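Worksheet: the structure to be examined is printed underneath.
Keep in mind it's a predicted model, so treat the numbers as computed, not measured. Numbering starts at 1 and runs along the sequence shown.
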Amino acid sequence: MPPIGAPPPVNPASKVELRVSCTNLLDKDALSKSDPICRMKMFQGGHWYESGRTEHIMNTLNPTFARPFTVDYYFEEVQKLKFEVFDIDNATDTLDDDDFLGYMECTLGQIVSNKTYTQPLLLKEGKRAGKGSISVTAEELSGTSEHVHLTFFARKLDNKDFFSKSDPYLEIYRCDYASQQMVYRTEVVKNNLNPKWKPFKVNMQTLCDRDFDKKLLFKCYDWDSDGSHDFIGQFETTYRQMSQAVGSPMEFPCINPKKTKKKSYKNSGVITLQSLKVVKEYSFLDYVMSGCQINFTVGVDFTASNGDPRQTTSLHYINPYAPNEYMKALIAVGEVVQDYDSDKLFPALGFGARIPPNFQVSHEFPLNFNSQNPFCTGVQGIVEAYQNALRQVQLYGPTNIAPIIKHVARFAQAEQQKGGGAENYYVLLLLTDGVITDMAETREAIVRASHLPMSIIIVGVGDADFTDMEVLDGDDGLLKSPRGEPVKRDIVQFVPFRQFKSSAPAALSRCVLAELPTQVSGYFNGLGMAPLPTQPPPAYPGPSQ
């Protein structure tokens, strides 16, 4: 996720990938070792903002994290970074209730000028965190976006467990002269000597630095819950050699060097590359610069729990000197998104109110009360329609948001069925003050919408309990419909506005829109849809798609 804060300069010199490893971390667990995770923050606008997190690794004091951070590098700026390491103790999303293992502050310039930057970890009071240290390695990413899609399986791996079978996983290393850089770690396949790992993809530059003859080292381990993973074996290859796996699988003996002196030793199993293909994956900018429109729709909560708009305590109170939270959120997000919609005409809808002329409850009414033309001109037009609607409706309830999700989904589905290419993507901004009452219908609507060119942004206004909204976000687990069908892709981003009350408006927009570019490009790339007009990808050894 990009850092939150003031917008950066528009032309970064390049993108840089940062990979983190640590040694000699503090051990905060009594019966095992720490389960570390690393969080990176960037300093902007006088504040530290979270930029991303690595995966968390079980039972180790010397982690090498596989998930990198990607940042824009600006030569002309001092870009301050902070790396914080925690021991994960629970399933909550926040890290504030986990054990703190240390931090390191530096600048991006320090990292890139050293290639690998190593410093001791410090505790919050500035003292050394024992013997703990952190190393950050920088690598410049080129503007291309070819990914190598790989599928591996193995057979007859050595069994390292006494009472069950091995739990194997793979690690891939790029060998750079005297060093090795891990570029990918697969999932663990439990209790299986003949595992088949899930297909995965690796950026071409990350995998081999675009040197097709650079040595790649594959290591196979048996996962153990105490962190003492057992080495099974390894093999070496190159991208050029793997690219020859066309039509038929390519086998690699898995060798444990310590066993090669035994006359009877043959191998520790065979690992097979089942398939390899190179896929050009286009970026968000590739799509929007080729004409893809981001169609923005707003849904506003008019339920009675917001309070009487005539009272200063109401979340809908119109202060002539300062916008309320609904208006602040609408303006912050809308002013960013409107730049990607050429006509600047946005549907604006309300829900949970009794509306004129009959004052029946509606969960899908246009703020301008014109069902034939619900569009507002620009963000200011939405604000004016919102203020006008407050004077005409009666706040009521319940808080049902599924109707508006289905409303936008109908347009996204029509676009999908039209089959005109990567021309339109739909974004729904929902502003609500509390607990939704149609959770089952909402989950079903989101699962169906996850198949469409559509994303949903939810901003929680006020101080209510937003637990249900965090479930819809799906960051802590895969959202499923009441029928048990999982979302095809993550399309919901939720943030409570209260976290940004004292921040600049840009902080909110950067946070809620952080995942949108990936959601847009992920949808079109997933369907193999190139930007318009289509540009042929460069040729690489091996099969292409």
Quiz item: Is a salt bridge present between E105 and K41, judged by a nitrogen-to-oxygen distance below 4.0 Å?
Solution: no
Practice problem: Using the side chain to side chain donor-acceptor pair (under 3.5 Å) rule, collect all pairs that involve residues 245-259, keeping only residues at least two apart or in two chains. | Solution: R155-E251, D158-K259
Self-check item: Any side-chain heavy-atom pair of N525 and Y282 under 4.5 Å
Solution: yes
Practice problem: Mind jotting down which residue pairs meet the salt bridge (Lys or Arg N to Asp or Glu O under 4.0 Å) criterion with at least one end in residues 215-231? Sequence neighbours excluded, please. | Solution: K215-E236
List the atom pairs, with distances to 0.1 Å, where a side-chain N or O of residues 116-125 and a protein N or O form a donor-acceptor pair under 3.5 Å, not counting sequence neighbours.
| unit_1 | atom_1 | unit_2 | atom_2 | d |
| --- | --- | --- | --- | --- |
| T116 | OG1 | T137 | OG1 | 3.2 |
| T118 | OG1 | S135 | OG | 2.7 |

Exercise. Taking all non-hydrogen atoms of both residues into account, name the closest pair between V85 and C22 and its distance.
Key: CG2-SG, 4.0 Å
Quiz item: Between E17 and R19, is there a side-chain N and carboxylate O pair less than 4.0 Å apart?
Solution: yes
Exercise. Could you label the plane-to-plane angle of the F86 and F100 rings as parallel, tilted or perpendicular, counting under 30° as parallel and over 60° as perpendicular?
Key: perpendicular
Exercise. Before giving the answer on side-chain contact (heavy atoms from CB on, under 4.5 Å), spell out for V136 and F83 the whole-Å C-alpha distance, their side-chain angles and the decisive distance to 0.1 Å.
Key: CA-CA 9 Å; V136 185; F83 297 87; 4.0 Å; yes
Quiz item: Going by an N to O cut-off under 4.0 Å, is there a salt bridge joining R39 and E84?
Solution: yes
Practice problem: Please name all residues satisfying side-chain contact (heavy atoms from CB on, under 4.5 Å) with K201, sequence neighbours left out, ordered by chain then number. | Solution: H147, H149, E281
Quiz item: Closest heavy-atom contact between V492 and E515?
Solution: O-OE1, 4.1 Å
Quiz item: Is there side-chain contact between P199 and Q274, with heavy atoms separated by less than 4.5 Å?
Solution: no
Quiz item: Can we say D213 and R240 salt-bridge, meaning some charged N sits less than 4.0 Å from an Asp/Glu carboxylate O?
Solution: yes
Quiz item: Residues in side chain to side chain donor-acceptor pair (under 3.5 Å) with N424, at least two apart?
Solution: N295, E415
Quiz item: Applying salt bridge (Lys or Arg N to Asp or Glu O under 4.0 Å), which residue pairs with at least one partner in residues 170-192 are found, sequence neighbours left out?
Solution: E55-R185, E139-R174, E171-R185, R174-D176, D176-K214
